[in-house]
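Here's the structure, in structure tokens; my notes come after.
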Amino acid sequence: MIVLGFDTATPATAVGLRLADGSTLQARDDPGSDEHPGHATRLLAMTHELLGGAGLRFGDLDRIAVGLGPGTFTGLRVGVATARGLAQSLGIELAGVSSLRALAEGAMRSELDGSHVLAVLDARRGEAFLAAYELTDRGSVEELVAPCALAPEKLGSVAQRGGEWRAVGDGAVRFRSQLEAAGVAVPPDCSPLHLLSGETICDLGARAEAVASSYEAVVPDYRRRPDAEIALERK
Amino acid sequence: MIVLALESSCDDTCAAVLGADGHVRSNVISSQGVHDRFGGVVPEIASRQHMELANLIVAQALNEAGVRIDEIGLVAATQGPGLVGALLVGLSTAKALAAGRELPFAPVDHLQGHVAANFLASDGSEEEFEPPFLCLIASGGHTLLVHVREREGFEVLGRTLDDAAGEAFDKGARMLGLGYPGGAALERLAAGGDPEAFPFPGSRSERSRGGRGTARQAFARSLDFSFAGLKTALLYRLRECSEAEVLARRGDLAASYQAAIVDSLIARAERAIELTGLERLAVGGGVAANGELRRRLGELDAEVHIPPRVLCTDNAAMIASAARFARAWPYPEYLTLDAYATGEEPSSAQTTGRGRSEHPLESGR
Ligand SMILES: [Zn+2]
């Protein structure tokens with residue numbers, strides 16, 4: 001099965017192309033701190049290049065996998081709209097995966113000693129999106145804490161149970177001091193463990209349940225309501 | 001070539017299919033009713049609604065047209081101006097639909113879409129309108145007067161310096177306690193009132209009493225629009241009146257307010273006809289549904305073309321119509337296209353970089 005997977009939950013644009021032999025090609029775009037995300041302008045272009053490099057075309061794909069977030073709202077919508085549009089155009093399967101799980105599983109795979117991982121993304125406005133995962137003895141990854149938006153001082157409290165915790169993601173970098181104060185290890189800022197990879201999206205997407213029509217069932221995981229709705233209720 | 005187009009610049013999720021002969025095969029519009037309780041369109045909520053609906057609306061448009069996706073020859077979408085987050089849902093969907101099949105793609109300017117609605121022959125009953133003509137576009141988001149020489153492109157003769165005409169209708173309606181959106185309610189209330197009771201700024205009755213100084217007269221001679229002063233005038237008028245008086249004269253207030261908006265639109269259109277010598281006027285935008293405006297347009301000394309209401313308000317058939325005459329980008333050139341919020345269409349050089357989510361307002365004219 002040839003799977004195209006991508007994620008736009010963070011400012012980065014990460015694309016993976018899993019070939020029939022199970023190997024994966026990857027491309028990514030990480031904007032500098034003063035640059036805007038390249039989701040709208042880079043995602044399809046990078047995908048086109050990856051396909052070309054493998055001697056493939058969109059028509060050769062069997063499945064599209066997309067990171068559903070949580071993350072930046074506009075980024076998620078560009079990713080999900082692109083994934084749905086491609087799947088609808090080609091009439092192929094579409095699978096949505098959790099961006100936080102992808103982040104955690106990516107870290108577990110490359111870090112042999114990390115069985116407890118907090119996936120933390122910067123949610124802006126002084127909050128983080130967080131989920132907690134455990135690598136079980138059977139090799140499966142269990143979700144201990146479902147994705148939620150949390151204030152930085154509450155991040156560490158999630159890591160009370162279990163063994164040694166480490167936290168990955170741009171939110172882990174941003175809120176390093178709060179996490180370390182709670183005994184959670186955070187890899188160096190420049191560590192690739194903090195990056196969501198297209199490869200993990202492809203792997204999770206290949207295993208996930210997929211839809212072959214009704215593409216609207218694959219929706220962004222916002223985890224936050226629009227400000228206007230909350231403001232209206234407070235009136 | 002069969003065209004599939006998407007439009008998502010504001011709060012309507014739209015998809016349409018145009019046959020190879022240019023006839024509208026389907027024109028699906030889903031208006032988001034979710035913004036009324038907020039008293040205006042909330043960008044984040046609009047974007048979420050577009051996300052929910054985009055693929056369903058596309059599927060429905062294909063279905064109603066009796067067309068399979070592999071019969072589509074060109075995909076188009078609104079690139080701007082509009083709410084960037086909303087535009088990006090339609091644009092990303094459309095680019096992906098095109099890319100999957102390596103189809104060409106046409107990015108369309110929303111205002112060009114309103115102009116191009118006039119090129120559509122609706123259900124064979126009406127003749128299409130061909131350039132050259134003047135076009136008055138008035139909606140909740142835009143108010144401008146343009147000169148259309150060819151089927152692609154237009155020259156802006158005048159535009160609003162502040163609020164859009166539809167926005168003025170909605171704000172006036174809210175001040176009169178008619179809720180949001182209130183344009184239609186204001187029109188109903190105005191039907192029983194005296195349009196000359198209150199000489200609001202921009203109205204004929206105000207102008208006939210002589211302007212207020214040279215600056216005002218100079219403005220009246222330009223083809224630009226301004227509705228902010230009108231809104232303020234209504235606010236002051238409402239403050240001056242007692243509650244009982246407001247209640248008794250709501251019809252007059254609404255009629256005079258509406259007359260000021262319509263007079264202002266008609267006066268600029270008349271002047272543009274005079275200046276260009278072009279006695280052909282087309283109309284676009286939701287305000288074209290206003291009965292008083294339509295009546296007054298009918299009195300103009302010109303050939304006036306008003307598309308059916310469904311083609312005046314935001315829709316994707318007009319985007320598909322514009323796409324027929326726009327430059328189509330071959331695959332894969334369009335993959336880097338971004339949406340733009342305001343101003344003119346960005347050049348291709350600007351679309352490939354990142355970091356430009358907003359365009360500076362067009363300067364000069
Ligand atoms: Zn419009």
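Every chain is numbered from 1, with letters handed out A, B, ... down the list of sequences.
Shortest non-hydrogen contact noted between B:A99 and A:L86 is CB-CD2, 4.4 Å. Contact detail for A:S89 and B:A96: the closest heavy-atom pair is CB-O, 4.0 Å.
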With side chain to side chain contact (heavy atoms under 4.5 Å, CB included) as the test, would you mind laying out the steps for B:R101 and A:R57 before giving the verdict? CA-CA 9 Å; B:R101 302 196 159 268; A:R57 319 172 84 154; over 6 Å; no
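Taken to the nearest 0.5 Å, the CZ atom of A:R225 stands 9.5 Å off from the CZ atom of B:R48. In this structure, CG on B:L335 lies 12.5 Å from CE on A:M46, to the nearest 0.5 angstrom. In this structure, OG in B:S92 is found 7.5 Å from CG in A:L44, a value given to the nearest 0.5 Å.
Contacts of residues 90-103 of chain A with chain B at a heavy-atom distance below 4.5 Å involve A:L90, listed in sequence order. Contacts from residues 57-70 of chain B to chain A, taken as heavy-atom pairs separated by less than 4.5 Å, involve B:V58, B:A59, B:I69 in sequence order. Residue-level contacts of residues 69-84 of chain A with chain B, in order of numbering, are A:F73, A:T74, A:R77, A:V78, A:V80, A:A81, A:T82, A:R84; threshold 4.5 Å between heavy atoms. Residues of residues 175-182 of chain B lying under 4.5 angstrom from chain A, judged on non-hydrogen atoms, do not exist here.
For A:L232, the part sitting under 4.5 Å from any heavy atom of chain B is the side chain, from C-beta outward, and nothing else. In this structure, chain A has a heavy atom under 4.5 Å from the side chain of B:V42, while its backbone stays farther away. Heavy atoms of B:Y331 lying under 4.5 Å from chain A belong exclusively to its side chain.
If you tally non-hydrogen atom pairs under 4.5 Å between each of B:L103, B:L53, B:L91, B:V89 and chain A, the highest count goes to B:V89. When the candidates B:I72, B:V75, B:L56 are compared by the number of heavy-atom contacts under 4.5 Å with chain A, B:L56 comes out ahead. Taking A:A87, A:S213, A:P226 one by one and counting their heavy-atom pairs under 4.5 Å with chain B, the maximum is reached by A:P226. Considering only heavy-atom pairs separated by less than 4.5 Å from chain B, the leading option among A:P220, A:A45, A:A228, A:A231 is A:A228.
With hydrogens and angles ignored, the 3.5 Å screen pairs a side-chain donor or acceptor of B:K95 with a backbone N or O of A:A40.
There is a side-chain donor-acceptor pair under 3.5 Å between A:Q88 and B:N55.
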